[in-house]
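In what follows, a single structure is set out as structure tokens and then discussed.
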Amino acid sequence: MDVVLEKRQVQRAYELYAPIYDFIFDWIFAPGRAAAIARLGLQPADRVLEVGIGTGLNLPLYPPAVHLTGIDLSQEMLDKAVERVQTLTMPSVTLKVMDATSMDFGENEFDKAVATYVISAVPDPVSVLREMRRVVRPGGTIVILNHFRSERRVFGHVEDLVAPVCTRLGWKSNLAMTPLLTRVGLTPELIVKVNLFNGWRLVQCINRK
Ligand SMILES: C[S@@+](CC[C@H](N)C(=O)[O-])C[C@H]1O[C@@H](n2cnc3c(N)ncnc32)[C@H](O)[C@@H]1O
């Protein structure tokens, strides 16, 4: 049976994860984070969107004066990000509770957008990526860091088997990368395997539209 990830389920999951999220997700996923933010190739005037910013674990990786907007569905996760912005003294960071499947931003408002460990944690990844394409200007950069379904048969099969359990915990273990990117019209310029066992993929795209 296919178990569907729902928006309310995601909100409930991250309300519970928020107090412990950084203990679990900081060090294991740190190499991928550093590589993802570096791949944005940030310039001083860039307007940057971080989708599903969570507790803001990526914030220390940006230059302090970055023009960054971070959105997340979970108020509890965002509260942690607010504390981090204050601690790091980042005057040009704006944080908003917002559903990434229907963003309150105009077309081409950003030069660059990034989503780390988010795309398999959202109920509707196609809509999120389409929205990222809409709000990033033509020629802008979109960086995605995510675990996708393995292309190796045995691993892919195991990921299919554990998918119902993972979905109940708030993420999809078997999201296939190529069909997803094709569906939203994104062609990767670069794909790098990162983190423990090279189990996550860093995908850098130019927004051609
Ligand atoms: C695994 S966490 C990743 C957080 C952060 N990007 C990081 O690298 O640590 C996934 C985040 O995506 C958020 N999220 C899930 N669905 C969303 C949606 N539709 N719109 C915005 N944020 C969403 C969750 O609330 C959660 O904070």
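Both counts, for ligands and for their atoms, begin at 1 and track the order of listing.
Between Tyr117 and Ala121, the shortest heavy-atom contact is O-CB, 4.2 Å.
One finds no salt bridge joining Arg39 and Glu189 here, because no Lys/Arg side-chain nitrogen approaches an Asp/Glu carboxylate oxygen to under 4.0 Å.
Around atom NZ of Lys209, more than 12 heavy atoms belonging to other residues, nucleotides or ligands sit under 6.0 Å away. The environment of Arg133 atom CZ is dense: over 12 non-hydrogen atoms of other residues, nucleotides or ligands sit within 6.0 angstrom.
Val48 pairs in a side chain to side chain contact (heavy atoms under 4.5 Å, CB included) with only one of the listed residues (Leu42, Ile37, Asp111), which is Leu42.
Evaluation of the salt bridge (Lys or Arg N to Asp or Glu O under 4.0 Å) rule for Asp26 yields no partner, not counting sequence neighbours.
For ligand 1, the protein residues within 4.0 angstrom (heavy atoms only) are Val10, Tyr14, Tyr21, Arg33, Gly52, Ile53, Gly54, Asp72, Leu73, Ser74, Met77, Met98, Asp99, Ala100, Thr116, Tyr117, Val118, Ala121, Val122.
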